[in-house]
Amino acid sequence: MRAPIGLRISTRRKAKRLSQAALARSVDISPSYLNLIEANKRQVGGTLLQRIAAELGVPIDELTGEAEHRLIHELVEAFADPVLANAGLEAEQARSLVATQPQIAQVIARLHRAYMAASTNADAYANRLRADPLLSQLLHQVLSSITAVRSSAEILEETDDLSEADRGRFVGSISRETRGLTAVAQNLIGQFDHASTVSRSASVRRELDDMIFAARNYFPSLEERANRIAKTLGKAVPFGEPAIVRHLRDAHGIAVERTANPPAGQAFAYDAARATLWFRNTVPQSTRQFQMVRLIAELTGGDVLDAAANTPYLSSDTARRLARSYLSSYMAGAVLFPYEPFRADAETLRYDIEALSERYNASFEQIAHRLVTLRREGAEGVPFGFLRSDPAGRLTKHFPLPGLLLPQTGHACPLWAIYAAFRSSGQLVRQVVRFSDGSRFLFIAKAVSRRSSGFTDQTLPHSILLATDILHADSTVYADGLDLSDATADVPVGPSCRLCTRADCPSRQEAPFAPGTEAWLAGAIA
């Protein structure tokens, strides 16, 4: 759902009373090529788009229409809902509404969010009612345990001549019953809390997306505090894990320990009572460094973390806690991978993630995380979106990319490289995809395994995907050998089966939210 970038450039140029020749000369292209760009006959992106935006004196997202992209996607999602599916509203109507009545479009998007939240709550309460037999059974267990405890207590209270053996037997009975009562009560409470937690999770994730999108996933206050922390750590030469360990010990009184037998199978944890950060022996150095710096960020940057999480986009304490957790990880990444040196290295290495991992002694996922935050105005890196999937195909983390509809939960399109990467574990997979609206993206994916497991543990891989608009693809090493101007080899995809308009896709796994579902079901059953 590409915004008409050429038209936006033309409009801004005319508003500044610049001729095509003057603008073309200032950005070092020919007037004829600029004419093709303004007529939307040539794609423009990367450094050229940045130069044009700088010359016109506007933020780059004003030319790309990032906010409009997101709103269009939200409307398409709303129009695909079963409640509106028969109204015949499609992407073209969404684009038209955003272009002509943006305020009404925003109201529709907000109403759809509210409707989805209400539907989720209704489902949660329905599930709770359907669970009544279980609740009844749990309550019966509670009453039985209370009766048994009371009977034993009465015997102990009223019988004076009990032998020590009998008294011990009754005391043991009370102890067993109370332990069982505690477990049953926890299950009972859990039945009520679980539905409420599930119902809140979808809206909380959407709010976190809104916060990240509004900030363009760049937080200047966190970057500034991270620079201060990095300078403090850098006083110990050479900078690395030993320096971080010493800083935790000397500045915060926190010991770092490694153990072969962590509690509850955890890979790492901070024990505030003992002032100890411990790691399982098998946790790799990249993870240890990141988690140590993350703890330092939380200890010394609480004020800026709280301020960044204090935003109207977050409406609940749960959302703010989730946001604060994300922001502390953001700050840790900014400490370990300082903005300007990291961006310079990324450009020099043409965003080769594995080469950056070697240079910074970091994991593939840590580098991918940092790449999506290179959005400082005037010093942007290539804009990336981020997805992570578990082996079952369920999406476990994502950071939005304007213009690309990333599913909030569940599964993405089965044709995406994020799933193909599982079939080539350890090998990077690249893919040029084309959506039904004509937008094209370069997908880069790799399946990796966390190396924090012990010998007896089962290590589950997860797949990481970075996505960027095809306009920026040639800035990366992953475009080498690809003819980006030839769309015939593109993989036709959708965001997910339920939101995809490709009715004839042979890889469809779910019925679409659209008329014609009955025909698809008949074909799937046959």
Side-chain angles (χ1 to χ4, degrees), residues 1-12 14-15 40 58-123 199-200 202-217 311-316 319 383 385 398-409 435-439 469 494-496 498-502 512-517:
M1 298 175 188
R2 191 179 312 284
I5 296 178
L7 178 60
R8 293 173 186 273
I9 292 173
S10 175
T11 301
R12 292 297 304 179
K14 292 174 181 176
N40 288 312
V58 298
I60 194 169
D61 58 345
E62 187 171 320
L63 296 181
T64 58
E66 292 183 358
E68 287 84 353
H69 280 165
R70 182 170 171 81
L71 185 54
I72 289 170
H73 287 320
E74 289 210 48
L75 290 187
V76 170
E77 187 176 351
F79 293 165
D81 193 279
V83 175
L84 298 176
N86 292 325
L89 300 172
E90 298 180 352
E92 187 57 41
Q93 284 77 20
R95 283 194 291 270
S96 176
L97 187 60
V98 170
T100 58
Q101 299 288 343
Q103 291 181 329
I104 294 177
Q106 290 170 355
V107 168
I108 293 174
R110 285 198 296 269
L111 286 174
H112 182 251
R113 285 192 187 189
Y115 163 73
M116 291 300 295
S119 297
T120 304
N121 284 331
D123 289 341
S199 67
R200 290 193 301 266
S203 59
V204 166
R205 284 191 295 269
R206 184 66 69 91
E207 288 180 4
L208 182 59
D209 273 0
D210 289 343
M211 181 197 76
I212 294 172
F213 188 87
R216 301 178 72 240
N217 206 11
T311 167
Y313 294 102
L314 307 173
S315 63
S316 67
H398 84 282
F399 299 118
L401 172 69
L404 173 62
L405 179 56
L406 295 177
Q408 297 287 325
T409 56
F435 287 79
S436 56
D437 65 350
S439 57
D469 193 293
S496 66
R498 304 306 296 274
L499 295 177
C500 183
T501 59
R502 299 184 190 278
F513 280 147
T517 296

Gap separating the CD1 atom of Ile9 from the NZ atom of Lys14, nearest 0.5 angstrom: 12.5 Å

His398 side, atom NE2; Asp209 side, atom CG - distance, nearest 0.5 Å: 3.5 Å

Shortest non-hydrogen separation from Gly494 to Phe435 and the atoms involved: C-CE2, 3.5 Å

Interatomic spacing from CD1 in Ile212 to CD in Glu207 - rounded to 0.5 Å: 12.0 Å

Ser316 side-chain N/O to Ala319 backbone N/O, donor-acceptor pair under 3.5 Å: yes

From CG (Leu314) to CG (Leu208), nearest 0.5 Å: 7.0 Å

